[in-house]
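These values consider heavy atoms only, across backbone and side chains, with no hydrogens, waters or symmetry-generated copies.
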Amino acid sequence: ERKAKRLRVAPVGEGEGPAADAPPARGWLEVCAVEPTWKRLVGGGGTDGDASGNDASVGTRLIDRMAGLGTLRHLDDLTLLRILGRLAPIDLCRVVGASKALYVLGSWDPLFRPHVLHELGRAFDYGAGWKETYARCVCGATVADRLLSLDHAAYESDELYRERLLSTIRSDDPTWTAVDNVDRRSNLTARAFRDEYEMPSRPVVITDIVPRWPAFQSWARVALLQNQGGTPFKVAGVEMPLGRFFQYSERNHDQRPLYLFDSAFATRCPSMDADYTLPEYFSDDFLRLLADPASGTPRPDNRWLIIGPAGSGSSFHVDPNGTCAWNAVITGRKKWILYPPSIIPPGVVLDAHGGFTTPAALGAWLLDHHAAIADVPESERPLECVCTAGDLMFVPSGWWHCVINLDESIALTHNVVTEVNLANAMELLAEPARCAPGKCGGDVMGDVPLWVAMGGSSTVATEDDGNEGESAGDAAAPKCTCDRIKATLLRRLRNGIELERPGLLTRLESEQAAAAAERSTLWDTMKATPETPQFSFGF
């Protein structure tokens with residue numbers, strides 16, 4: 001505790017990789033082997049190496065969970081890990097000294113990740129895991145070298161076995177990367193893109209844009225380290241020098257690796273702003289109208305530099321507020337899985353407030369759901385592909401998608417509102433925020449925070465334009481901060497479009513009304529046709 005309070009971390013050369021004499025990266029449960037219960041039940045416990053990567057040798061003894069946990073044995077291991085995750089490091093160290101079973105649980109590497117990030121911030125060099133990094137940076141190398149391993153011992157736990165297995169899954173397994181059913185195009189005119197992909201809402205990979213950018217060379221790993229190695233970028237809520245992040249990327253074995261996701265990259269490194277140009281398909285982006293020059297309020301964030309190690313990525317989500325997106329790969333490979341708006345991906349559960357939950361670990365989704373894709377009708381299967389360096393993926397508005405980095409990847413992404421998805425974006429902005437009770441300002445659309453999706457109260461002033469009827473007692477008035485932000489953005493967007501493109505909104509509203517009437521007429525026709533089977537709740 002005393003050492004932690006007077007912590008001083010000597011800086012390393014920014015932009016350097018891991019030291020040549022650094023210890024090899026280890027898995028988080030290498031204090032002992034971990035085995036599933038089925039192995040003992042079939043008579044194989046403690047005799048062979050297991051699928052999780054632990055090498056259990058002959059003569060291995062199982063740690064007595066019941067005796068080691070006492071009354072805590074009634075809780076499953078994942079619940080115990082959640083409890084241990086609430087402890088301060090000094091208390092965690094006291095608990096794990098009570099028994100071998102608690103020592104195994106308390107050595108779960110992700111327990112130490114928040115302590116490293118929140119206590120050390122940018123001042124750490126990732127070593128052989130989060131526990132080793134914390135011990136070395138806070139207590140010194142001597143203590144880190146003395147971290148105990150329980151030789152010839154194994155801990156039996158189905159929950160931990162699965163967690164360990166997920167951290168060793170190879171996301172580039174041919175079983176998961178073989179399908180490639182997304183169009184790949186080059187020499188695509190703006191008119192052809194609009195008619196063939198944007199209007200019919202079809203994803204496409206465009207192959208001849210990114211290689212023409214200076215960024216295709218200047219944003220490669222070696223060049224970025226040389227030019228921006230000491231520049232801090234946003235990673236998991238903290239700012240980390242790029243050199244240190246690449247060091248982590250190279251050595252980590254995390255099930256859910258850290259992701260560099262920075263919208264201010266061009267502010268931090270102005271030269272990067274000139275390294276690429278907007279593709280002509282997305283040059284008319286109405287999100288730019290959300291800036292307010294009069295008050296100095298910038299537009300909400302809409303572009304991000306994304307760097308992630310192999311195994312990182314984003315779980316299933318829909319891009320916020322009706323935006324479409326493009327994602328340009330500079331280095332590495334990205335596996336994409338996409339479902340149209342009409343199909344909820346397996347494993348995604350919607351809630352009553354318009355939110356959803358999805359497996360946080362991408363490996364968990366692949367393990368639990370990907371093999372079942374072959375068993376559903378072809379019309380219900382997702383689109384899949386692997387984007388490599390130089391590819392640009394277009395994701396239409398409303399499409400569910402997840403992305404898994406097969407290698408360390410560097411990419412650039414933009415969220416866009418064009419004339420094609422403008423009506424949908426405005427309709428979503430006009431809807432209530434549907435925040436869960438007591439959770440106003442929480443995350444929306446998966447891992448995109450509210451302040452990223454909408455600009456947040458810190459960047460979008462919720463000014464009162466003097467509109468009548470927007471009083472506290474008016475039922476139509478915004479009910480929470482999120483609603484006020486959305487109302488402000490919608491008002492600003494409408495005003496900007498009327499000034500720049502008069503008549504556009506009227507035309508779009510007329511087209512929407514005509515489409516709705518056509519759908520209604522089609523439904524009436526189907527009901528009136530005798531040959532058409534009628535829908536019924538009968539069994």
Q.
Using side chain to side chain contact (heavy atoms under 4.5 Å, CB included), reason through Leu260 and Ile306 one step at a time and then give a plain yes or no.
A. CA-CA 6 Å; Leu260 188 155; Ile306 304 176; over 6 Å; no
Q | Minimum side-chain heavy-atom gap Val395-Asn327 below 4.5 Å | A | no
Q) Looking only at heavy atoms, which two atoms of Pro382 and Asn181 are closest? And how far apart? A) O-ND2, 3.4 Å
Q. So, the side chain of Ser409 versus the backbone of Thr331: is there a donor-acceptor pair under 3.5 Å, distance only?
A. yes
Q.
Taking the ring centre of each residue, are His369 and Phe316 less than 6.0 Å apart?
A. no
Q) Are Ile209 and Arg212 close enough, and set up right, to give a side chain to side chain contact (heavy atoms under 4.5 Å, CB included), and what steps lead you there? A) CA-CA 6 Å; Ile209 292 178; Arg212 298 198 295 262; 4.2 Å; yes
Q) For the atom pair SG (Cys402) and CD1 (Ile337), what is the distance rounded to the nearest 0.5 Å? A) 4.0 Å
**Q.** side chain to side chain contact (heavy atoms under 4.5 Å, CB included) between Ile206 and Arg184, intermediate numbers included
**A.** CA-CA 6 Å; Ile206 302 171; Arg184 301 179 65 86; over 6 Å; no
Q.
Test of understanding: with ring-ring contact (aromatic ring centres under 6.0 Å, His included), list the residues that count as partners of Phe245, not counting sequence neighbours.
A. none
**Q.** Side-chain ion pair, Lys335 and Asp407, N-O less than 4.0 Å
**A.** no
Q) How about Gln255 and Asp109: do any of their side-chain heavy atoms sit closer than 4.5 Å? A) no
Q: Salt-bridge test for Arg501 and Asp284: reply yes if a basic N is under 4.0 Å from a carboxylate O, no otherwise.
A: yes
Q | Lys/Arg-Asp/Glu bridge criterion (N-O < 4.0 Å) met for Arg113, Asp254 | A | yes
Q: Look at Glu498 together with Arg491 and state whether they make a salt bridge at an N to O cut-off of under 4.0 Å.
A: no
Q.
Test your reading of the model: is there a side-chain donor-acceptor pair from Asp262 to the backbone of Lys234, 3.5 Å cut-off?
A. yes
Q) Given the rule in the side chain to side chain donor-acceptor pair (under 3.5 Å) test, do Arg303 and Tyr276 qualify, once you have shown the distances and angles that lead to the verdict? A) CA-CA 12 Å; Arg303 62 177 178 174; Tyr276 73 98; 2.8 Å; yes
Q. Would you call Asp391 and Lys334 a salt bridge, using N to O less than 4.0 angstrom?
A. no
Q | Gln247 side chain vs Tyr126 backbone, donor-acceptor pair below 3.5 Å | A | yes
(Q) Looking at every heavy atom in both Ile410 and Ala220, which two are closest together, and how far apart are they? (A) CD1-C, 4.2 Å
Q. Is any side-chain N of the basic residue among Arg221 and Glu250 closer than 4.0 Å to the acidic one's carboxylate O?
A. yes
Q: Give the ring-plane orientation class for Phe261 versus Trp304, where under 30° counts as parallel, over 60° as perpendicular and anything between as tilted.
A: parallel
Q) What is the minimum heavy-atom distance between Pro309 and Leu258, and which atoms define it? A) CD-O, 3.3 Å
Q) With the threshold set at 4.0 Å, does a side-chain nitrogen-carboxylate oxygen contact exist between Glu196 and Arg202? A) no
Q: Examine the side chains of Asp275 and Ser218 and answer whether a donor and an acceptor come within less than 3.5 Å of each other.
A: yes
Q: Kindly indicate whether the side chain of Leu338, heavy atoms from C-beta on, has any atom under 4.5 Å from the side chain of Trp400.
A: no
Q. Do Asn415 and Pro320 come close enough that some side-chain heavy atom pair is under 4.5 Å?
A. yes
**Q.** Student check: side-chain heavy atoms of Leu242 and Thr231 closer than 4.5 Å
**A.** no
Q: First locate atom CE of Met272, then atom CG of Leu412, and finally report the distance between them rounded to the nearest 0.5 Å.
A: 8.5 Å
Q. For Trp399, which residues count as a ring-ring contact (aromatic ring centres under 6.0 Å, His included) partner, sequence neighbours excluded?
A. none
**Q.** Mutual orientation of the aromatic rings belonging to His370 and Trp365 [parallel < 30°, tilted 30-60°, perpendicular > 60°]
**A.** perpendicular
Q. Distance only, no hydrogens: is a donor on one side chain within 3.5 Å (strictly under) of an acceptor on the other, for Tyr339 and Arg381?
A. no
Q: Might you point out which heavy atoms bring Gly398 and Pro341 nearest each other, and give the distance in Å?
A: O-CG, 3.3 Å
Q) Do the non-hydrogen side-chain atoms of Leu290 and Asn302 ever get within less than 4.5 Å of each other? A) no
Q) Measuring from Leu493:CG to Thr488:OG1, what's the distance to the nearest 0.5 Å? A) 12.5 Å
Q: Can you see which heavy atom on Ser312 is nearest to which on Tyr259, and at what distance?
A: OG-CE1, 3.9 Å
Q | From CG (Asn495) to CG (Leu490), nearest 0.5 Å | A | 9.5 Å
Q. Looking only at side chains, do Asn421 and Ser397 share a donor and an acceptor under 3.5 Å apart?
A. no
Q: Could you list the residues that satisfy side-chain hydrogen bond (donor to acceptor under 3.5 Å, both in side chains) with Glu198, not counting sequence neighbours?
A: Thr418
Q. How many angstroms lie between OG1 in Thr323 and NE2 in His414, if you round to the nearest 0.5 Å?
A. 12.5 Å
Q. Less than 4.0 Å between a side-chain N and a carboxylate O, is that true for Arg244 and Glu239?
A. no
Q: Taking the side chain as every heavy atom from C-beta outward, state whether Pro257 and Tyr248 have any pair of such atoms under 4.5 Å apart.
A: yes
Q. Would you say the side-chain atoms of Arg191 and Tyr281 include a donor-acceptor pair closer than 3.5 Å?
A. no
Q: Please name the pair of heavy atoms, one in Asp208 and one in Arg185, separated by the smallest distance, quoted to 0.1 Å.
A: OD1-O, 4.4 Å
**Q.** Sub-4.5 Å side-chain heavy-atom contact between Phe246 and Ile307
**A.** yes
Q: Quick one: do Arg333 and Glu408 satisfy side chain to side chain contact (heavy atoms under 4.5 Å, CB included)? Show the steps, please.
A: CA-CA 8 Å; Arg333 296 174 300 153; Glu408 181 182 84; over 6 Å; no
(Q) Could you measure the distance from the CG atom of Leu505 to the CZ atom of Arg507? Nearest 0.5 Å is fine. (A) 10.0 Å
Q: Check the angle between the aromatic planes of Trp326 and Phe282 and answer parallel, tilted or perpendicular using the 30° and 60° thresholds.
A: parallel
